[in-house]
Amino acid sequence: MVKNHPDIHIELEGTPEEVRAALMKLRERLSEHQVETFNAGTLEVVLAEVLNNVVEHALANHSDGTITLCANYDVNKWCIRVRDNGTPMPDNQIPAGEQPDVDADLLDLPEGGFGWMMVRTLAHDIVYARTAHNWNELTFTIPDTPG
Amino acid sequence: MNLTSKTEGETRIVTVHETRIDASVAIQFKDRMREETDSAEGRVVLDLSEVDFIDSSGLGAIVAAMKQLGSKHRMDLSGLNENVDKVFRLTRMDTVFKIHPSLEVALAA
């Protein structure tokens with residue numbers, strides 16, 4: 001569970017530059033709590049994809065886009081909650097995230113479509129919902145052992 | 001986006017002097033790669049040893065950089081740190097590129 005007063009709480013606007021700044025802030029916070037840096041690399045990879053997706057899709061064409069990121073360490077895993085005031089996911093569900101075809105010829109190699117595949121591979125307990133105030137809410141956990 | 005390049009024999013070595021290749025710089029990275037590899041005559045080695053984070057947009061930009069070289073030139077990678085390597089393995093892009101542990105190894109190959 002994400003606690004009421006999570007260890008990490010970062011609020012950002014919906015731009016790629018803000019995502020970069022938020023992830024760098026996250027790294028800084030993690031290094032302040034040395035014992036809690038387990039699997040921090042995986043946490044950063046997953047959060048980057050989740051936040052980039054929010055910026056590119058949910059908050060596309062929104063000038064007042066806001067994202068909140070809450071995370072805390074809980075025994076053997078990270079618990080994360082990301083909320084944004086953007087457009088709902090298509091069909092109210094997160095994409096399947098299938099592996100793009102990397103066996104294609106050079107010019108047909110995929111340059112995108114990896115985001116949800118990485119999230120679904122690395123994150124556990126992924127739940128998407130719309131909140132009572134019409135925000136998107138994605139919660140998930142990251143185990144503290146690299147897998 | 002700070003990239004530099006030099007030529008050793010027939011190999012063009014491009015070094016990324018940035019710690020992150022992410023969505024905020026992906027397009028810039030692709031454009032800078034074109035400038036640094038336009039006159040390459042043989043193989044290109046992209047040295048990522050200073051990079052400690054890439055996301056899927058950064059990965060896409062590296063693939064795009066290889067595609068814009070065309071089929072004449074191969075592009076190898078060197079010096080992937082743990083987090084960067086993880087993204088290549090997860091997406092199976094490690095099967096597309098030849099990945100060398102260091103620039104020295106890449107040049108000897």
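Lettering follows sequence order; numbering is per chain, from 1. Owing to the predicted nature of the structure, the values given are computational and were not obtained by experimental measurement.
Environment of CD in Glu13(A): sparse, with no more than 12 heavy atoms of neighbouring residues, nucleotides or ligands closer than 6.0 Å. Within a 6.0 Å radius of CD in Glu41(B), no more than 12 heavy atoms belonging to other residues, nucleotides or ligands are found. Within a 6.0 Å radius of CG in Leu106(A), more than 12 heavy atoms belonging to other residues, nucleotides or ligands are found. More than 12 heavy atoms of other residues, nucleotides or ligands shown are found within 6.0 angstrom of CG on Asn92(A). Within 6.0 Å of NZ on Lys3(A) lie more than 12 heavy atoms contributed by other residues, nucleotides or ligands. Annotation: Asn76(A), atom CG; neighbour count of heavy atoms from other residues, nucleotides and ligands within 6.0 Å is above 12.
At a 4.5 Å heavy-atom cutoff, the contact between Asp108(A) and chain B is made by backbone atoms alone. In this structure, no portion of Asp105(A) lies under 4.5 Å from any heavy atom of chain B. Only the side chain of Glu49(A) comes within less than 4.5 Å of a heavy atom of chain B; its backbone N, CA, C and O stay farther away. Contact annotation for Glu18(A): neither backbone nor side-chain heavy atoms come within less than 4.5 Å of a heavy atom of chain B. At a 4.5 Å heavy-atom cutoff, Pro100(A) makes no contact with chain B through either its backbone or its side chain.
Taking hydrophobic clusters as Ile, Leu, Val, Met, Phe, Trp and Tyr residues chained together by side-chain heavy-atom distances below 4.5 Å, Leu69(A) shares a cluster with Tyr128(A). Hydrophobic clustering (side-chain heavy atoms under 4.5 Å, transitive across Ile, Leu, Val, Met, Phe, Trp, Tyr) keeps Leu103(B) apart from Ile54(B). Hydrophobic cluster membership differs between Ile13(B) and Leu77(B), with clusters built from Ile, Leu, Val, Met, Phe, Trp and Tyr side chains linked at under 4.5 angstrom. Leu3(B) and Val45(B) fall into different hydrophobic clusters, where Ile, Leu, Val, Met, Phe, Trp and Tyr side chains are chained together by heavy-atom contacts under 4.5 Å.
The minimum heavy-atom distance between Met93(B) and Pro110(A), with the atom names listed, is CE-O, 3.7 Å. In plain terms, the two heavy atoms of Ala48(A) and Asp55(B) that are nearest each other are CB-CB, 4.1 Å. When all heavy atoms of Ala23(B) and Pro16(A) are compared, the closest pair comes out as C-CB, 4.1 Å. Gln99(A) and Leu90(B) get closest at one heavy-atom pair: OE1-O, 3.9 Å. Shown here for Leu109(A) and Lys67(B), the closest heavy-atom pair between the two residues is O-NZ, 2.6 Å.
Expressed to the nearest 0.5 Å, how far CG of Leu107(A) lies from CE of Met66(B) amounts to 9.0 Å. The structure places CD of Glu44(A) at 4.5 Å from CZ of Arg20(B), a figure rounded to the nearest 0.5 Å. Considering CZ of Arg89(B) and OG1 of Thr121(A), their distance stands at 12.0 Å, rounded to 0.5 Å. Within the model, atoms CE of Met24(A) and OG1 of Thr19(B) stand 5.5 Å from one another, a figure rounded to the nearest 0.5 Å. Annotation: the span from Met118(A) atom CE to Lys86(B) atom NZ amounts to 11.0 Å, rounded to 0.5 Å.
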Start with the C-alpha distance between Thr91(B) and Val102(A), add both sets of side-chain angles, then the distance that settles side chain to side chain contact (heavy atoms under 4.5 Å, CB included), and finish with yes or no. CA-CA 8 Å; Thr91(B) 56; Val102(A) 299; 5.8 Å; no
